[in-house]
Amino acid sequence: MKSDQQSNKPQRKTAVTPLGENASVTRAIKTAQERCINLLSPELQNKIRELEQIPLLPDWPDKTRGVPNLCLRSALFGVIRRGRRRAVKGEVIASVQGLNIRYTGWRLDQGDFDVLVQTLHLQTRHIEKTSKNYIRFEVKSFLRAIGRQPGKSGREWLKDCFRRLTATAVEINVELRNRYGNEAYTYAGSLVDEFYYNDREHTYFLKINPKLAELFDAGWTQLQWQQRLQLKTDLAKWLHGFYSSHRVPYPMKVATLKHLCGSDCKRLVDYRRSIRNAMAELVNAGAIQAWQIDRKDKIHVQRFANRPISK
DNA sequence: CGATGGGCCCAAATTGCCAA
DNA sequence: TTGGCAATTTGGGCCCATCG
């Protein structure tokens with residue numbers, strides 16, 4: 001890996017950069033950058049620091065994970081059949097009304113969701129002073145935290161996952177209704193900015209897109225993490241997120257849900273069958289109290305009272 | 001019509017075993 | 001212990017037959 005770290009511009013690497021050396025090299029790069037920045041005028045210094053700073057994420061308890069609602073109410077992180085993941089270019093992603101998402105990159109599934117959510121979680125928890133914008137973590141503990149087996153295949157999977165999250169272009173347009181009337185909000189960028197992987201130590205050094213924090217402004221949800229880890233199927237995970245983001249779920253047609261979660265199931269009957277199984281999973285995990293499908297093919301979901309918690 | 005049970009197949013995830 | 005590898009299990013879409 002050739003080093004271009006003497007440049008005084010922030011690095012714009014998007015590809016994988018498996019540094020064969022330990023993290024101290026990465027730190028040295030950062031220090032060098034710091035020195036360069038220090039040569040600039042105070043105003044410029046402040047400007048750069050301001051731009052690089054990842055805004056504070058909201059805080060949530062350890063047993064939960066904070067997730068922007070737009071990740072839960074769309075097919076941005078959907079259900080994808082094994083072996084059927086595809087790359088798309090500027091595709092409109094299915095979502096609830098008032099939310100417009102365009103996406104370029106490999107389609108993301110519930111596994112990618114787990115990874116991004118855990119990354120955001122670490123971002124709120126990390127306390128390294130040297131480089132505020134980067135988080136550092138070990139593969140093994142990371143995989144454990146999202147309920148996966150550590151090992152070679154797990155490591156490979158995780159790296160693929162970060163590749164996907166890095167090489168994306170998400171464009172989100174939200175219409176917000178607040179006391180000032182209607183407001184439009186746009187986000188465009190990738191999800192993860194860049195990452196370094198140390199093959200020997202099995203550690204990551206990673207930076208999320210700072211703007212990601214702003215997505216929380218449009219509403220977010222505390223996911224019950226243990227509940228989610230109990231769920232086996234991707235559809236159950238998606239439904240868990242979807243219904244967690246609604247205080248009072250409104251009845252929704254099976255066909256609508258099929259569209260929203262990004263399922264490519266050809267026959268509605270088969271999807272209905274899998275949604276029945278997934279709902280049973282949710283009841284088992286204690287995520288919802290009850291559910292039923294009415295004669296109009298709408299799904300009614302009853303949540304437990306006094307449970308979490310959309311902000 | 002759709003529900004249910006069974007079966008098939010593909011690919012991914014996990015597990016068990018071995019050697020370093 | 002750990003990592004690598006092959007065997008096994010699992011998830012999920014799809015199809016069929018049968019029943020209400």
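Lettering of chains follows the sequences in order, A, B, ..., and the numbering in each one begins at 1.
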Please pick, from C/dG12, C/dC16, C/dG3, the nucleotide with the shortest atom-to-atom distance to any side-chain atom of A/R273.
C/dC16
Using chain A heavy atoms and a threshold of under 4.0 Å, write down where along DNA chain B the contacts begin and end, 5' to 3'.
B/dG2 to B/dT15
Nearest-Å distance, CD (A/Q149) to C1' (C/dT9)?
13 Å
Sorted by chain and number, sequence neighbours left out, salt bridge (Lys or Arg N to Asp or Glu O under 4.0 Å) with A/D264 holds for none
Hey, does A/R276 reach any base, or is it just sugar-phosphate, or nothing, if we go heavy atoms under 4.0 Å?
sugar-phosphate
Classify the angle between the aromatic ring planes of A/W220 and A/W60 as parallel (below 30°), tilted (30 to 60°) or perpendicular (above 60°).
tilted
Considering every strand and a 4.0 Å limit on heavy-atom distances, what is the contact class for A/R295: base, sugar-phosphate, or nothing?
nothing
Out of C/dC5, C/dC15, C/dG3, minimum distance to the side chain of A/K152 belongs to C/dC5
Does any donor atom in the side chain of A/E281 or A/T233 lie under 3.5 Å from an acceptor atom in the other side chain?
yes
Residue mapping more 5' on DNA chain B - nearest nucleotide basis, A/P150 or A/R82:
A/R82
For A/T233, answer base if it contacts any base atom (sugar-phosphate contacts may also be present), sugar-phosphate if it contacts only those atoms, and nothing otherwise; contact means non-hydrogen atoms under 4.0 Å.
sugar-phosphate
Rounded to whole Å, please give me the gap between CD in A/E281 and P in C/dT10.
14 Å
Taking CZ from A/R267 and C1' from C/dG12, how many angstroms apart are they, rounded to a whole number?
14 Å
Return the orientation label for the A/F113 and A/F77 ring planes: parallel under 30°, perpendicular over 60°, tilted otherwise.
perpendicular
Tell me the interatomic distance from A/R272, atom CZ, to C/dG12, atom C1', rounded to whole angstroms.
17 Å
Looking at every non-hydrogen atom in both residues, tell me the closest pair between A/D234 and A/Q110 and how far apart they are.
O-CG, 3.5 Å
Expressed as a whole number of angstroms, how long is the span from A/K266:NZ to C/dG12:C1'?
13 Å
Report yes if a side-chain nitrogen or oxygen of A/K232 is closer than 4.0 Å to either non-bridging phosphate oxygen (OP1 or OP2) of C/dT10; otherwise report no.
no
Please tell me which of A/C265 and A/G151 maps to the more 5' nucleotide of DNA chain C, matching each residue to the nucleotide holding its nearest heavy atom.
A/G151
Paired with A/D109, the salt bridge (Lys or Arg N to Asp or Glu O under 4.0 Å) test is passed by just one of A/R85, A/R164, A/K237, namely A/R85
Do the charged groups of A/R107 and A/D112 touch, with an N to O distance under 4.0 Å?
no
